[in-house]
Amino acid sequence: MPNKTIPFTDAQYSKFEEVDNYICSYLLQQDDALESTLKTNRGSSLDTIDVAPNQGKMLYLLAKMNKCKRILEIGTLGGYSAIWFAKALPSDGKLITLELDPKHASIAESNIKNAGFENVVEVRVGPALESLDKMAKESPEPFDMVFIDADKENNVGYLKWALEFSHVGTLIVVDNIVRQGRLVDLENKDPSITGVREVLDLMKREKRLEFTGVQTVGSKGWDGFAMGLVIG
Ligand code: SAH
Ligand code: DHB
Ligand code: MG
């Protein structure tokens, strides 16, 4: 069951889950690596906040559509979304994924190795803002896609770095913009919510971005994502 702050009844959450399971059973051939990653993650201390399988497949399709060769992910957890991205990359492609918690990073590295992607994925451990600052000193080639999915209070900082490391055509996806509807409870000033409002505000003001936001219900409850294309 998703983390819910009650906007829906249990019966409604069950229905969202049932529909997701139905869709996933038809549309997704999850390979062994993805399935065993979820199994490993559930058997560990990690929160159940990996992207849903159908969202993972969507990220994979977006990366493929955009012929991505270099992807940046902020927030690795157990590497589930990272493995979806790795599957979309060519063999000479690269995913750099940033994770604060060394325990999460080590679970992710083991899942990624199991999936055979240890040469494609690099997990960098530490507070992402510090890792990004360090990365800037390496003058990295721009990324073709950036997935922002870590601590929501730093979303604005992450989007600024994403723009810094982008080229025209880079796709930027920000996860978890709805947070069970808390987005629009304007008296809710929790930094994990204000961080979402602030990143949407920056997307709106940022002339280099065209973007949209989509709310979703499913096995992860009620949430959503924003997606922006760098146009200038
Ligand atoms: N993208 C993953 C889910 C990420 S969950 C997937 O879909 O499979 C968010 C992750 O961000 C957690 O593992 C958390 O430890 C990490 N995180 C939180 N604060 C962070 C920070 N300041 N820097 C880097 N990672 C952070
Ligand atoms: C949370 C974080 C996530 O990345 C997510 O997908 C869902 C929930 C959280 O911190 O609650
Ligand atoms: Mg998320």
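These numbers come from a predicted model, not from an experiment. Remember, it's 1-based here, ligands and their atoms both numbered in the order they're listed.
No option in Q180, Q12, R182 other than Q180 meets the side chain to side chain contact (heavy atoms under 4.5 Å, CB included) test with W222.
Regarding atom 12 (C) of ligand 1, its nearest protein heavy-atom neighbour is E99 OE1, 3.5 Å. The closest protein non-hydrogen atom to atom 23 (N) of ligand 1 is A128 N, 2.8 Å. Among all protein heavy atoms, the one lying closest to atom 18 (C) of ligand 1 is D151 N, 3.8 Å. In terms of protein heavy atoms, atom 6 (C) of ligand 1 is closest to S81 OG, 3.0 Å. Of the protein's heavy atoms, D149 O, 3.2 Å lies nearest to atom 9 (C) of ligand 1. Protein heavy atom at the shortest distance from atom 5 (S) of ligand 1 is I49 CD1, 3.6 Å.
For ligand 1 and G126, the ligand atoms under 4.0 Å from any heavy atom of the residue are 23 (N), 24 (C). Residue P127 has at least one heavy-atom neighbour below 4.0 Å for each of these atoms of ligand 1: 23 (N). The atoms of ligand 1 that sit less than 4.0 Å from any heavy atom of D50 are 6 (C), 7 (O), 8 (O). Listed by number with element, the atoms of ligand 1 under 4.0 angstrom from any heavy atom of Y158 are 21 (C), 22 (N), 23 (N). Shown in contact with N176 at under 4.0 Å from a heavy atom are these atoms of ligand 2, numbered in order with element: 3 (C), 4 (O), 5 (C), 6 (O), 7 (C). For ligand 1, the atoms closer than 4.0 angstrom to any heavy atom of L100 are 19 (N), 20 (C), 21 (C), 23 (N), 24 (C), 25 (N), 26 (C). Close approach of ligand 1 to E73 is summarised as follows: ligand atoms under 4.0 Å from at least one heavy atom of the residue are 1 (N). The distance from ligand 1 to the heavy atoms of H104 drops below 4.0 Å at these ligand atoms: 12 (C), 13 (O), 15 (O).
I74 is not connected to M58 by any chain of hydrophobic side-chain contacts under 4.5 Å among Ile, Leu, Val, Met, Phe, Trp and Tyr, and they are in different clusters. Both I148 and I96 sit in one connected hydrophobic cluster of ILVMFWY residues. Membership requires side-chain heavy atoms under 4.5 Å apart, directly or through other members.
Backbone or side-chain N, O or S atoms of N176 reach the Mg ion (ligand 3) at under 2.8 Å. The Mg ion (ligand 3) has an N, O or S atom of D175 under 2.8 Å away, backbone or side chain.
Not a single N or O atom of G79, backbone or side chain, sits closer than 3.5 Å to an N or O atom of ligand 1. Annotation: V51 places an N or O atom under 3.5 Å from an N or O atom of ligand 1; distance criterion only. For ligand 1, none of its N or O atoms has an N or O atom of D101 under 3.5 Å away. Not a single N or O atom of F147, backbone or side chain, sits closer than 3.5 Å to an N or O atom of ligand 1. Geometrically, ligand 2 and D149 share a nitrogen or oxygen pair separated by less than 3.5 Å.
With a heavy-atom cut-off of 4.0 Å, D175 does not touch ligand 1 at all. With a 4.0 Å heavy-atom cut-off, ligand 1 is reached by no atom of W84. Contact annotation for K220 and ligand 2: no heavy atom of the residue comes within less than 4.0 Å of the ligand. In D175, the part holding a heavy atom less than 4.0 Å from any atom of ligand 2 is the side chain.
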Test log, rule salt bridge (Lys or Arg N to Asp or Glu O under 4.0 Å), inputs D144 and K67: CA-CA 8 Å; D144 309 306; K67 299 189 169 51; over 6 Å; no
N188 and R197: side chain to side chain contact (heavy atoms under 4.5 Å, CB included), yes or no, with the steps? CA-CA 11 Å; N188 187 333; R197 291 188 201 117; 4.1 Å; yes
Side chain to side chain contact (heavy atoms under 4.5 Å, CB included) between T97 and F147, intermediate numbers included: CA-CA 9 Å; T97 180; F147 182 48; over 6 Å; no
Going through the checks in order, is the side chain to side chain contact (heavy atoms under 4.5 Å, CB included) test met by T48 and R42? CA-CA 7 Å; T48 314; R42 293 302 72 82; 3.5 Å; yes
Candidate pair Y158 and V199, rule side chain to side chain contact (heavy atoms under 4.5 Å, CB included), full reasoning: CA-CA 9 Å; Y158 298 148; V199 81; over 6 Å; no
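Taking each of K152, Q55, R179 in turn, the one with a heavy atom nearest to atom 9 (C) of ligand 2 proves to be R179.
Under the 3.5 Å distance criterion, with hydrogens and angles disregarded, no donor-acceptor pair is assigned to the side chains of E17 and S14.
Judged by distance alone, with hydrogens and angles left aside, the side-chain atoms of R124 form no donor-acceptor pair with the main-chain N or O of S131 at under 3.5 Å. In this structure a side-chain-to-backbone donor-acceptor pair under 3.5 Å is missing from D175 to F225.
The heavy-atom pair separating Y13 from P7 by the smallest distance is OH-CD, 3.4 Å. The two residues F165 and P140 make their nearest non-hydrogen contact at CE2-CG, 3.7 Å. Scanning both residues, K220 and D50, for their nearest heavy atoms gives NZ-O, 2.9 Å.
Within the 4.5 Å cutoff, the side chain of D149 has no heavy atoms near those of the L77 side chain. In this structure, N155 and E198 have side chains that are not in contact, with every pair of non-hydrogen atoms separated by 4.5 Å or more.
When you scan the N, O or S atoms of D149 for the one nearest the Mg ion (ligand 3), you land on OD1.
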